[in-house]
Amino acid sequence: MFDYIVCFYFGNRRVEITNSFLLNDKYFFVKKHLYLINQNVSVLDDIQTIVFTINGATDEDVDSVINIKNEYPFSDKVVVLKRDNTNYSYGAWNESLIHQINSNTTSTYAFLCEDDYIFCHEIFHKKFIEYFDTDVV
């Protein structure tokens, strides 16, 4: 089992295509992550907790993300955290990991990714976990 941790930022980006997605739908990447997890049952079966940590979120953003995640049958696996946009992605990942440690979950691994990094293969996590099981001393 692993935790799937994604940090989100709904503000302006340096990459034009990313900005165009967010200008069209502020929650585009939230929806994309949830959709792909839903479409790939093997991933969902191995995920203990999905943590969406939003940098610089408003209460409205949190409510919207909660409403979006509640459209999925696995919504009970999704935790939405709000934080100031300090230390960017690294700060969000750190806060997410601390949250998971304090919640006493039983996951052995945590997969950390950015909102605009979306897996393209349903068993991406198998190779990730294999590295830890075979190559870490």
Side-chain angles (χ1 to χ4, degrees):
M1 298 297 281
F2 73 103
D3 291 334
Y4 185 77
I5 298 175
V6 186
C7 59
F8 289 90
Y9 177 65
F10 302 136
N12 193 36
R13 309 288 183 92
R14 289 181 229 162
V15 179
E16 192 172 317
I17 188 132
T18 303
N19 276 333
S20 67
F21 287 132
L22 293 172
L23 286 172
N24 188 45
D25 180 358
K26 186 177 189 177
Y27 308 111
F28 172 82
F29 291 115
V30 169
K31 293 173 182 175
K32 195 67 163 173
H33 280 274
L34 292 169
Y35 173 80
L36 287 172
I37 290 168
N38 192 53
Q39 295 299 307
N40 294 284
V41 177
S42 68
V43 173
L44 185 57
D45 288 345
D46 291 338
I47 294 175
Q48 175 76 29
T49 307
I50 300 164
V51 182
F52 286 173
T53 303
I54 310 169
N55 281 326
T58 64
D59 290 337
E60 181 182 324
D61 289 331
V62 172
D63 291 343
S64 294
V65 172
I66 289 170
N67 288 334
I68 294 166
K69 69 113 175 159
N70 284 342
E71 296 173 12
Y72 290 88
F74 55 88
S75 65
D76 58 321
K77 286 188 172 202
V78 182
V79 174
V80 180
L81 304 176
K82 167 186 159 182
R83 65 184 299 278
D84 291 334
N85 191 20
T86 54
N87 301 316
Y88 309 104
S89 299
Y90 300 104
W93 292 327
N94 185 61
E95 199 160 314
S96 301
L97 290 167
I98 290 169
H99 176 272
Q100 288 306 98
I101 289 167
N102 290 337
S103 68
N104 297 316
T105 62
T106 57
S107 293
T108 304
Y109 308 99
F111 186 86
L112 311 176
C113 66
E114 302 274 355
D115 52 3
D116 58 346
Y117 294 3
I118 301 180
F119 66 89
C120 60
H121 195 279
E122 65 188 36
I123 59 169
F124 75 95
H125 61 293
K126 301 287 186 186
K127 192 66 177 174
F128 162 73
I129 291 170
E130 181 183 309
Y131 283 123
F132 287 102
D133 289 342
T134 60
D135 292 346
V136 176
V137 188

Distance (rounded to the nearest 0.5 Å) between [X] [atom1] and [Y] [atom2]:
X    : Y    : atom1 : atom2 : value
C113 : F128 : SG    : CZ    : 10.0 Å
L44  : I37  : CG    : CD1   : 7.5 Å
F28  : F21  : CZ    : CZ    : 4.5 Å
K31  : N38  : NZ    : CG    : 14.5 Å
I129 : T108 : CD1   : OG1   : 8.0 Å
I47  : K77  : CD1   : NZ    : 6.5 Å

- Which atom of Q48 lies closest to which atom of S107, heavy atoms considered: CB-OG, 2.8 Å
- Considering all heavy atoms of both residues, which atom of A57 and which atom of K82 are nearest to each other, and what is their separation? O-CE, 3.5 Å
- Item | In one Ile/Leu/Val/Met/Phe/Trp/Tyr side-chain cluster, 4.5 Å: F52, M1 | no
- Query: What about I123 and V43, same hydrophobic cluster or not, with Ile/Leu/Val/Met/Phe/Trp/Tyr joined at side-chain heavy-atom distances under 4.5 Å?
  - Reply: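 I123 and V43: separate clusters.
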Tell me if a side-chain donor or acceptor on [X] pairs with a main-chain N or O of [Y] at a distance below 3.5 Å.
X   : Y    : value
N40 : L36  : yes
N55 : Y9   : no
K32 : I118 : no
N24 : S20  : no

- Query: In the hydrophobic clustering (ILVMFWY, side-chain contacts below 4.5 Å, transitive), which residues join V79, or is it alone?
  - Reply: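 Cluster partners of V79: I5, V51, L81, Y90, W93, L97, L112.
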Kindly say whether the aromatic ring centers of [X] and [Y] come within a distance under 6.0 Å.
X    : Y    : value
Y4   : H33  : yes
F111 : H125 : no
Y27  : F8   : no

- Task: Only counting residues at least two apart or in another chain, list the ones meeting salt bridge (Lys or Arg N to Asp or Glu O under 4.0 Å) with D115.
- Result: R13
- Item | Audit row: F10, T58, side-chain contact (heavy atoms from CB on, under 4.5 Å) steps and yes/no | CA-CA 10 Å; F10 302 136; T58 64; over 6 Å; no
- Item | Modelled atom types, side-chain donor and acceptor of S64 and D61, under 3.5 Å |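 No pair is found: no donor N or O on one side chain lies under 3.5 Å from an acceptor on the other.
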[atom1] ([X]) with more than 12 external heavy atoms under 6.0 Å:
X   : atom1 : result
D59 : CG    : no
Q39 : CD    : yes
I17 : CD1   : no

Below 4.5 Å, heavy atoms only, C-beta onward: do [X] and [Y] meet side chain to side chain?
X    : Y    : value
D46  : K126 : yes
Y117 : V6   : no
I54  : R83  : no

For residues 68-76, which side-chain donor-acceptor pairs fall under 3.5 Å, sequence neighbours excluded?
residue: K69; atom: NZ; partner: S75; partner atom: O; Å: 3.1
residue: N70; atom: ND2; partner: I66; partner atom: O; Å: 3.2

- Message: Consider side chain to side chain contact (heavy atoms under 4.5 Å, CB included). Of L22, T18, V15, which one does D116 pass it with?
- Response: T18
- Query: Could you walk me through whether N94 and N87 pass the side-chain contact (heavy atoms from CB on, under 4.5 Å) check?
  - Reply: CA-CA 9 Å; N94 185 61; N87 301 316; over 6 Å; no
